[in-house]
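Let me begin by presenting the structure, written as structure tokens, before commenting on it.
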Amino acid sequence: MPNIKLPDGNQISFSKAVNGSQIAEKISSSLSKQALIMEVDGQLKDLSFLVEKDSTVKIFTSKNLEGVETIRHDTAHILAMAVQELFPGTQVTIGPVIENGFYYDFARKEPFTEDDLRKIEKQMLEIVDRDEITKREVWDREKAIKHFQKKGEIYKAQIIETIPENEEISIYFHGDWHDLCRGPHLSSTGKIGKYFKLMKVAGAYWRGDSNNEMLQRIYGTAWPSKKELDQYLKRLEEAEKRDHRKLGKEMDLFHFREESPGSVFWHHKGWKLFQKLVFYMREKQNHAGYDEINTPEILDRSLWEKSGHWEKFGDNMYTSTTPDEKVFAIKPMNCPGCVQVFNQGLKSYRDLPLKMSEFGKVHRYEPSGALHGLLRVRAFTQDDAHIFCTDEQITEECLSVTKLILDIYKDLGFENIILKYSDRPKVRVGEDDVWDKSEEALLKAMKKTGLEYSINNGEGAFYGPKIEFVLRDAIGRDWQCGTLQVDLNLPGRLGASYVDKDGTKKVPVMLHRALFGSLERFIGILIEHYSGKLPFWISPLQTMVIPVSDEFDDYAKIVNKELKGVGILSEVDLKNHNLNYKIREHSLKKIPLLLICGKKEVDSNTVTIRRLDSNKQENMQLKEFKNKFSLLSKAPI
RNA sequence: GCCCUGAUAGUUAAAUGGUAUAACAGAUCCAUGGUAAGGAUCAGUUUCCAGUUCAAUUCUGGGUCAGGGCACCA
């Protein structure tokens with residue numbers, strides 16, 4: 001006699017055990033048609049699950065996230081089914097739901113081709129049309145392992161072996177085809193609908209471990225309706241349009257070449273953008289009490305051995321041997337050099353906190369497969385700083401770093417920030433009790449910020465725990481940028497000390513922090529966030545002066561010169577093209593303001609402004625324009 | 001580093017076992033123009049190194065780099 005409690009508070013009583021479909025039908029006939037999956041006392045279940053005792057039940061349709069995810073999960077299963085029908089002998093492994101879709105990993109010698117994907121899609125549609133009923137069975141563990149081993153499904157057998165003892169081994173059937181799965185699933189293959197697409201094939205290690213064999217992963221997307229599928233595909237297209245590698249080329253900002261993979265060749269405009277950001281940061285940091293320093297790029301091996309980098313970070317370091325056989329390393333981090341600056345001269349507790357900033361260019365030998373435009377390079381400039389302080393000052397300094405970071409992100413148009421906290425990694429230097437102290441101090445500071453955070457176990461730096469600042473861009477992607485690390489190890493290893501109140505020498509705490517992280521990477525993110533349409537003050541070319549015809553070249557040249565004179569980044573286009581042509585060209589190059597000069601402007605000593613992405617015309621006295629926009633062209637400090 | 005896919009004027013693309021095709025950009029000339037392409041005339045050791053072949057940009061092998069992933073990470 002189960003009493004079923006519904007989310008709206010209503011209760012329905014049944015005279016005997018009922019399944020989800022029957023409950024849905026009782027609620028309304030339209031719900032029974034749309035029902036996909038249900039939740040019984042907080043656990044997701046198949047609609048065929050029999051509810052025997054009093055329970056709270058929620059029914060989900062494709063309007064709920066749970067429903068959509070089940071559609072994706074089922075689509076992954078049907079993908080596996082289709083692959084095994086078309087390519088017998090292929091082993092199935094795992095096929096989880098991911099954001100916007102799913103993937104399935106297969107073990108098969110021959111690679112899947114693009115053509116194969118289209119064939120598989122066809123087969124999947126056929127399976128949907130067959131509308132095979134889903135059946136669930138619970139098997140004995142040993143029976144299941146033997147069964148899958150016998151079938152040649154070695155990976156599935158391995159998965160079963162790792163399922164905890166207290167969990168059921170459930171097998172889902174669609175006709176004869178069956179697979180190990182926790183479930184839940186839709187009631188038949190027809191329920192997933194036809195709005196899915198296989199996107200790409202990729203390699204992926206078994207269990208995500210690079211020591212294991214590589215499987216073939218097929219990625220797919222699935223949605224409840226054609227409209228949603230089309231919207232998703234459209235969004236992907238839009239994201240491609242703002243790819244910083246494409247825009248960087250079009251806007252003439254930078255390029256890469258074979259002679260130095262992962263290192264940027266900055267063109268003039270890209271470098272201007274870079275310098276503007278550095279200038280802005282420098283001012284911000286000066287105001288926040290930092291002293292800028294600069295340290296060598298190449299340092300003797302012995303320093304890296306002392307700091308621990310040689311042992312813990314050596315695989316990522318470039319080294320160099322001189323003609324006289326000395327071994328140097330090109331710095332992968334700025335910290336050891338900075339500690340050496342701190343070590344010069346005696347420091348008193350009165351000097352602390354001492355904040356030293358450095359725009360340090362570092363080199364890291366990243367795995368070739370990791371390189372990705374500006375977002376992952378081998379040579380990059382950090383807006384780095386190291387804060388030397390006492391134990392008691394840690395929390396306050398961490399808070400002031402956080403404030404600075406949030407302030408800067410806001411100026412650059414990012415307001416949506418989350419924090420990620422990472423504690424001690426496996427490969428590390430220092431004693432555990434020192435780590436205990438560092439982790440506690442950093443965690444305390446982070447909680448005090450009141451911002452949303454998540455915890456990543458084991459992902460700290462080798463010398464200390466860290467907070468990472470993750471910002472969300474205009475199209476909802478997350479980028480990890482700033483970082484803040486508490487380090488109780490390196491100062492001691494490199495012999496840093498200060499004289500305390502009582503006259504004894506003490507080892508200072510060192511905080512490592514970067515605001516953008518890497519200037520290169522941040523510029524990549526900025527370009528994508530703004531689709532190349534950078535705010536006026538950061539834009540490396542702010543105005544283009546365009547004469548209506550060559551009769552007005554002289555006036556255009558004067559305007560250009562006057563704008564440059566007040567610090568506006570301006571150029572004049574005297575090429576032999578008509579006005580329409582030039583407007584199109586410079587709009588595509590994303591120049592914020594086009595200034596048109598013709599007879600009207602010459603006679604009245606004005607310019608006509610055309611803003612990027614607007615076809616409105618705005619006439620203004622040249623003098624007024626200069627006053628207004630020279631102010632706007634400056635960084636907001 | 002690992003898996004898959006690629007590499008052709010400055011850019012984006014097309015084609016072919018036998019002289020490589022176009023658009024745009026660039027240069028020159030004509031048109032002197034009012035808010036997203038006005039018209040005409042001029043350019044590649046087809047990524048590198050081998051091999052097969054009378055002949056390779058095309059087929060085969062290798063290198064390098066790039067793209068999509070995995071692993072790694074700012």
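A note on names: the letters A, B, ... follow the listed sequences, proteins ahead of strands, and every chain is numbered from 1.
- Using N1 to N3 plus N6-O4 or O6-N4 for Watson-Crick, or N1-O2 and O6-N3 for G-U wobble, each under 3.5 Å, B/A50 pairs with B/U60.
- Using Watson-Crick or G-U wobble geometry with both donor-acceptor distances under 3.5 Å, B/A55 finds no partner in any strand shown.
- For an aromatic pair to be called close, the ring centres must be under 6.0 Å apart, and A/Tyr453 with A/Tyr421 fails this.
- At a threshold of 4.0 angstrom between heavy atoms, the contacts of A/Arg376 include nucleobase atoms, whether or not backbone atoms are also involved.
- Side-chain proximity of A/Ser587 to the nucleotides B/U35, B/C65, B/A36 is greatest for B/A36.
- The separation between A/Glu585 atom CD and B/U35 atom C1' is 15 Å, rounded to whole Å.
- Of the listed nucleotides (B/U35, B/C72, B/C70), B/U35 has the atom at the smallest distance from the side chain of A/Asn615.
- Pair assignment for B/U19 gives none, since no Watson-Crick or G-U wobble pairing has each distance under 3.5 Å.
- Side chain A/Asp550 to base B/U32: a donor-acceptor pair is found below 3.5 Å.
- Among the nucleotides B/C2, B/G68, B/G34, the one closest to any side-chain atom of A/Thr608 is B/G34.
- A cation-pi arrangement is absent between A/Arg72 and A/Tyr232, since the terminal nitrogen or guanidinium carbon is not both under 6.0 Å from the aromatic centre and inside a 45° cone about the axis.
- Partner A/Phe274 forms a ring pair (Phe, Tyr, Trp, His ring centres under 6.0 Å) with one of A/Phe254, A/Phe516, A/Trp266 and no other, that one being A/Trp266.
- B/A9 sits 12 Å from B/A23 when the C1' atoms are compared, rounded to a whole Å.
- Nucleic acid contact class of A/Gly203 (heavy atoms, under 4.0 Å, all strands): base.
- B/G38 and B/U47 have their P atoms separated by 34 Å, with the value rounded to a whole Å.
- Judged by distance alone, the side chain of A/Arg242 and the main-chain N or O of A/Glu528 form a donor-acceptor pair under 3.5 Å.
- A/Asn619 comes within contact range of no nucleotide atom at all, as no heavy-atom separation falls under 4.0 Å.
- Between A/Arg611 and A/Glu618 there is a salt bridge, since at least one side-chain N of the basic residue sits less than 4.0 Å from a carboxylate O of the acidic one.
- Here B/G1 is the nucleotide among B/G1, B/G67, B/U35 with the atom lying nearest to any side-chain atom of A/Tyr365.
- Residue A/Lys575 is classed as a sugar-phosphate contact, given heavy-atom separations below 4.0 Å to backbone atoms only.
- As a whole-Å value, the separation of A/Asp116 CG from B/C4 C1' is 12 Å.
- Using a 4.0 Å heavy-atom criterion, one finds that A/Glu468 contacts the sugar-phosphate atoms exclusively.
- Comparing B/U35, B/A74, B/G1 by their nearest atom to the side chain of A/Ile596 picks out B/U35.
- For B/A74, the base has a donor-acceptor partner in the side chain of A/Glu366 [N/O atoms by modelled type, under 3.5 angstrom].
- In this structure, A/Tyr555 places its OH atom 24 Å from P of B/U32, rounding to the nearest Å.
- At a cut-off of 3.5 angstrom, the base of B/A37 holds at least one donor-acceptor pair with the side chain of A/Arg584.
- Nucleotides B/A40 and B/U64 place their P atoms 47 Å apart, quoted to the nearest Å.
- Salt-bridge annotation for A/Glu468 and A/Lys466: present, with a side-chain N of the basic residue lying under 4.0 Å from a carboxylate O of the acidic one.
- A/Ala204 comes within contact range of the sugar-phosphate backbone alone, with a heavy-atom separation under 4.0 Å but no base atom that close.
- The partner of B/A40 is B/U28, judged by Watson-Crick or G-U wobble contacts that both fall below 3.5 Å.
- A distance of about 11 Å separates the P atoms of B/G18 and B/A56, rounded to the whole Å.
- Rounded to the nearest Å, the gap between the C1' atom of B/C54 and that of B/U21 is 27 Å.
- Side-chain atoms of A/Leu588 lie closest to B/A36 of the nucleotides B/A36, B/A74, B/G1.
- When the P atom is used for both B/U57 and B/U16, the distance is 16 Å, rounded to whole Å.
- Counting non-hydrogen atoms under 4.0 angstrom, A/Val362 reaches nothing in the nucleic acid.
- The side chain of A/Ile583 lies closest to B/U35 when the candidates are B/U35, B/U64, B/G68.
- Between A/Pro261 and A/Gln485, the residue anchored closer to the 5' end of RNA chain B is A/Pro261, taking for each the nucleotide with the nearest heavy atom.
- Across all strands shown, B/U5 forms a Watson-Crick or G-U wobble pair with B/A66, both key distances being under 3.5 Å.
- The nearest whole Å value for the distance from the OH atom in A/Tyr409 to the C1' atom in B/A74 is 10 Å.
- Atom CG in A/Leu594 sits roughly 13 Å away from atom C1' in B/G34 (whole-Å rounding).
- Heavy atoms of A/Gly482 sit nowhere under 4.0 angstrom from any nucleic acid atom.
- Within the shown strands, nothing qualifies as a pairing partner of B/A74 under the Watson-Crick or G-U definition with both distances less than 3.5 Å.
- Ionic pairing of A/Arg217 and A/Asp105 is present here: one or more N-O contacts between side-chain nitrogen and carboxylate oxygen are shorter than 4.0 angstrom.
- To the nearest whole angstrom, the two C1' atoms, one in B/A37 and one in B/G26, are 16 Å apart.
- A salt bridge links A/Lys241 to A/Glu238: one of the charged nitrogens lies within less than 4.0 Å of a carboxylate oxygen.
- Between the CD atom of A/Glu114 and the C1' atom of B/C4 there is a distance of 10 Å, given to the nearest Å.
- In this structure, A/His586 atom NE2 and B/A25 atom C1' are separated by 12 Å, rounded to whole Å.
- Atom CZ in A/Phe112 sits roughly 17 Å away from atom C1' in B/G68 (whole-Å rounding).
- Closest to the side chain of A/Lys600, from the set B/G26, B/A74, B/G34, is B/G34.
- Note that A/Arg257 lies in the cation-pi zone of A/Phe265, set by a 6.0 Å cut-off to the ring centre and a 45° limit from the axis.
- Each of A/Phe380 and A/Glu259 has a nearest nucleotide on RNA chain B; the 5'-most of these lies closest to A/Glu259.
- Judged by distance alone, the side chain of A/Trp435 and the main-chain N or O of A/Tyr463 form no donor-acceptor pair under 3.5 Å.
- With B/A74, B/U35, B/G34 as the candidates, the nucleotide lying closest to the side chain of A/Arg610 is B/U35.
- To the nearest whole angstrom, the two C1' atoms, one in B/A25 and one in B/G10, are 7 Å apart.
- Among the nucleotides B/A37, B/C29, B/G67, the one closest to the side chain of A/Tyr581 is B/A37.
- Applying the 3.5 Å distance criterion, the base of B/G1 shares a donor-acceptor pair with the side chain of A/Tyr205.
- Within 4.0 Å (heavy atoms only), A/Arg257 reaches no atom of the nucleic acid at all.
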